[in-house]
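First the structure, in the form of structure tokens, and then the observations on it.
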Amino acid sequence: MSLLVCLASAAWFGSAAHAEVPGDHFDLRFWKLTLPLDDNENGKADEIQTGELQEFVHPDFFYVDEHGWLVFTAPNKAATTATSTNTRSELRQMLRGGNTEIGTHTPRNNFALAAHNRARLFADTGGQLEATLRVLHLPETAKYPDRPSAFSVVVGQIHALKDEKLVRRGSGFGWGNEPLKIFYKKWPDHETGSVFWTYERNLARDDPNRTDIAYPVWGKNWDDPEDPGEDGIALGEPFNYNVNVHGNIMYLTFRTTDPTRTKTFELDLSNNVDAHGNVDDKDNPKGYTGDAHYFKAGVYNQCSVSTEVSIRNPACNGTGDWATDKANGDYASVAFQRIQLTRSVEPGETR
């Protein structure tokens with residue numbers, strides 16, 4: 001189905017007089033959207049730009065449900081971006097808003113840490129992303145179920161900008177790594193799943209030490225097959241995350257409807273001290289100081305169908321035909337009640 005057809009068929013969500021779209025419920029002025037489609041047949045996942053997004057809807061992968069929650073869905077096998085084997089229906093922060101005279105990869109469309117030696121040139125220093133969501137469905141089959149990414153989805157990120165100029169200069173930055181990914185993972189035979197976040201060491205792509213360090217929030221770590229039980233989060237159970245990058249520090253707050261379960265973390269993104277306060281000798285000693293950054297939110301399906309040997313490739317099932325894959329449960333789907341971008345705030349003031 002083409003994107004134009006998706007727009008034309010938006011009445012599926014409401015009356016002919018007004019087709020309800022996600023933009024009726026969410027402020028999408030500072031985002032663009034990547035979808036698990038390749039309608040223009042250019043070999044890459046399609047994107048909906050900021051100027052079109054406020055009126056856009058897709059009946060399978062990006063729509064509002066009967067309660068006004070924004071549903072993102074991504075099958076295991078579909079179009080991907082050039083740098084990933086994983087599909088996504090995911091928003092990418094666009095600090096420029098609708099001003100297309102500002103390039104996507106320029107400082108004025110991204111944020112920096114306060115320690116960046118040219119921080120004044122960026123759209124902002126740090127920033128804040130808050131979201132409330134519930135995971136609706138996860139893939140349940142994988143050829144390699146013990147690989148950590150099996151049965152999981154990423155629902156929020158901070159991504160560093162890939163910059164070949166920085167790489168060629170030997171600056172130690174520009175690799176396009178991810179200082180934050182927020183995961184939900186549930187093994188098929190478990191009653192509940194786990195929420196955890198990861199920090200990726202900021203190293204070259206071919207460096208064997210470039211790996212994700214995982215920190216459990218509720219439930220287990222991503223490579224622990226034990227049932228989290230009451231410590232976990234069930235499918236359909238809402239939770240909230242707040243990511244506040246203020247100065248050089250990333251402050252993370254995770255909440256459920258039970259205030260006694262609130263969890264907080266702090267990590268200085270400008271050095272190689274981990275979230276436990278220990279120096280990580282294998283990490284970039286300056287962390288992500290020299291990088292540009294942006295937030296992402298939605299569904300980044302971690303159940304790749306790739307069979308390559310990697311913790312990132314559990315070889316999940318998928319045909320590439322959406323009707324078949326939907327019927328077989330070979331997809332990830334998450335509903336968001338709230339997605340909000342703001343400037344960073346002093347610690348203790350996070351909303």
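Computed from a predicted model, the values in this text were never measured in an experiment. Computation of the quantities below employed the complete heavy-atom set of this structure, encompassing side-chain atoms and omitting hydrogens, waters and symmetry-equivalent molecules.
- Under the rule for a salt bridge (Lys or Arg N to Asp or Glu O under 4.0 Å), the partners of Asp65 that lie at least two apart in sequence or sit in another chain are Arg134.
- Sorted by first and then second residue, the disulfide (SG to SG under 2.5 Å) pairs with a member in residues 227-325 read Cys303-Cys316; sequence neighbours excluded.
- Sorted by first and then second residue, the side chain to side chain donor-acceptor pair (under 3.5 Å) pairs involving residues 163-177 (not counting sequence neighbours) are Asn177-Asn202.
- Put simply, the side chain of Asp46 reaches to within 4.5 Å of the side chain of Asp38, judged on heavy atoms.
- Taking hydrophobic clusters as Ile, Leu, Val, Met, Phe, Trp and Tyr residues chained together by side-chain heavy-atom distances below 4.5 Å, Phe173 does not share a cluster with Leu269.
- Within the 6.0 Å centre-distance limit, the rings of Phe336 and Phe72 are counted as a close aromatic pair.
- Smallest separation of non-hydrogen atoms from Arg201 and Asp280: NE-OD2, 2.8 Å.
- Within the structure, ring pair (Phe, Tyr, Trp, His ring centres under 6.0 Å) contacts touching residues 26-54 (residues at least two apart or in different chains) do not occur.
- To the nearest 0.5 Å, atoms CG (Asn42) and CG (Asn40) are separated by 4.0 Å.
- For the pair His293 and Leu113, the minimum side-chain heavy-atom distance is below 4.5 Å.
- Other residues sharing the hydrophobic cluster of Trp69, ordered by chain and number and joined by side-chain separations under 4.5 Å: none, the residue standing alone.
- Side-chain N or O atoms of Asn221 include none that pairs as donor or acceptor with a backbone N or O of Asp223 at under 3.5 Å.
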Begin from the C-alpha positions of Leu28 and Leu33 and carry the test side chain to side chain contact (heavy atoms under 4.5 Å, CB included) through to its verdict. CA-CA 9 Å; Leu28 302 174; Leu33 174 69; over 6 Å; no

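- In the hydrophobic clustering of ILVMFWY residues, with side-chain heavy atoms under 4.5 Å counting as a link, Val305 and Trp322 come out apart.
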Asp274 and Tyr199: side chain to side chain contact (heavy atoms under 4.5 Å, CB included), yes or no, with the steps? CA-CA 9 Å; Asp274 67 21; Tyr199 167 88; over 6 Å; no

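- To the nearest 0.5 Å, the span separating OG1 on Thr192 from CG on Asp227 amounts to 5.5 Å.
- Below 30°, between 30° and 60°, or above 60°: for His58 and Phe61 the angle between ring planes is below 30°, a parallel geometry.
- Each of Leu161 and Phe111 belongs to its own hydrophobic cluster when Ile, Leu, Val, Met, Phe, Trp and Tyr are linked at side-chain heavy-atom distances under 4.5 angstrom.
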Kindly determine whether Asp283 and Ile213 satisfy side chain to side chain contact (heavy atoms under 4.5 Å, CB included), including the steps that lead there. CA-CA 11 Å; Asp283 193 12; Ile213 311 301; over 6 Å; no

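- A side-chain donor from one of Thr319 and Asp325 sits under 3.5 Å from a side-chain acceptor of the other.
- Across all non-hydrogen atoms, the minimal contact from Ala115 to Asn248 is N-OD1, 2.8 Å.
- No side-chain N or O of Gln337 forms a donor-acceptor pair with one of His67 less than 3.5 Å apart.
- At a threshold of 4.5 Å between non-hydrogen side-chain atoms, the residues Asp224 and Phe196 do not count as touching.
- Other residues, nucleotides and ligands contribute more than 12 heavy atoms inside 6.0 Å of the NZ atom of Lys32.
- Using a 4.5 Å heavy-atom threshold, the side chains of Met94 and Asn109 count as touching.
- Proximity of a side-chain donor or acceptor of His190 to a complementary backbone N or O of Pro225 within less than 3.5 Å is detected.
- Salt bridge Arg343/Asp124: present, at least one basic N to carboxylate O contact under 4.0 Å.
- Closest approach of Leu95 to Asn110, counting heavy atoms only: CD1-C, 3.5 Å.
- Qualifying salt bridge (Lys or Arg N to Asp or Glu O under 4.0 Å) partners for Glu140, counting only residues two or more places apart in sequence or in other chains: none.
- The salt bridge (Lys or Arg N to Asp or Glu O under 4.0 Å) test applied to Lys220 returns Glu226, not counting sequence neighbours.
- Within the 4.5 Å cutoff, no side-chain heavy atoms of Val345 are placed close to those of His246.
- A side-chain donor from one of Asn76 and Asn301 sits under 3.5 Å from a side-chain acceptor of the other.
- A centroid separation of 6.0 Å or more is found between the aromatic rings of Tyr241 and Trp197.
- Glu178 contributes atom CD, which lies 9.5 Å from atom CG of Leu180 (distance to the nearest 0.5 angstrom).
- Between Tyr288 and Val245, the closest side-chain pair of non-hydrogen atoms is not below 4.5 Å.
- Under a cut-off of 6.0 angstrom, the local environment of CZ in Arg205 is crowded, with over 12 non-hydrogen atoms contributed by other residues, nucleotides or ligands.
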Report the C-alpha separation of Asn242 and Tyr251 in whole Å, then their side-chain angles, then the decisive distance to 0.1 Å, and conclude whether the side chain to side chain contact (heavy atoms under 4.5 Å, CB included) test is met. CA-CA 8 Å; Asn242 184 291; Tyr251 300 92; over 6 Å; no

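- Under the 3.5 Å distance criterion, with hydrogens and angles disregarded, no donor-acceptor pair is assigned to the side chains of Ser344 and Asn244.
- The stretch residues 163-213 participates, sequence neighbours left out, in no disulfide (SG to SG under 2.5 Å) pair at all.
- Within the hydrophobic cluster formed by Ile, Leu, Val, Met, Phe, Trp and Tyr side chains joined at under 4.5 Å, directly or through other members, Val273 is accompanied by Val279.
- Listed here is the closest heavy atom pair of Lys282 and Asn209: CD-OD1, 3.6 Å.
- Sorted by first and then second residue, the side chain to side chain donor-acceptor pair (under 3.5 Å) pairs with a member in residues 258-273 read Asp258-Thr260, Asp268-Ser270, Asp268-Asn271; sequence neighbours excluded.
- Remark: of the listed residues Leu70, Val57, Val71, Leu70 is the sole one forming a side chain to side chain contact (heavy atoms under 4.5 Å, CB included) with Phe62.
- Results of the side-chain hydrogen bond (donor to acceptor under 3.5 Å, both in side chains) test with Thr85 over Ser306, Ser304, Ser310 single out Ser304 as the only residue that passes.
- Taking both residues in full, the closest heavy atoms of Ala123 and Arg108 are given as CB-O, 3.2 Å, listed atom of the first, atom of the second, then distance.
- Sequence neighbours left out, the pairs with a member in residues 121-166 that pass ring pair (Phe, Tyr, Trp, His ring centres under 6.0 Å) are His116-Phe122, His137-Tyr331, Phe151-Trp187, His159-Tyr294.
- No side-chain heavy atom of Lys185 sits less than 4.5 Å from a side-chain heavy atom of Gln302.
- The shortest side-chain heavy-atom distance between Arg92 and Thr34 does not fall under the 4.5 Å cut-off.
- Under the rule for a salt bridge (Lys or Arg N to Asp or Glu O under 4.0 Å), the partners of Arg29 that lie at least two apart in sequence or sit in another chain are Asp27.
- The backbone N or O of Glu101 lies less than 3.5 Å from a partner atom in the side chain of Asn99, making a donor-acceptor pair.
- The residue from Tyr300, Trp218, Trp222, Tyr215 that alone fulfils the ring-ring contact (aromatic ring centres under 6.0 Å, His included) condition with Phe183 is Trp222.
- Between Arg312 and Asp212 a salt bridge is recorded (basic side-chain N to carboxylate O distance below 4.0 Å).
- Pairing each heavy atom of Thr257 with each of Pro238, the nearest pair is CG2-CG, 4.4 Å.
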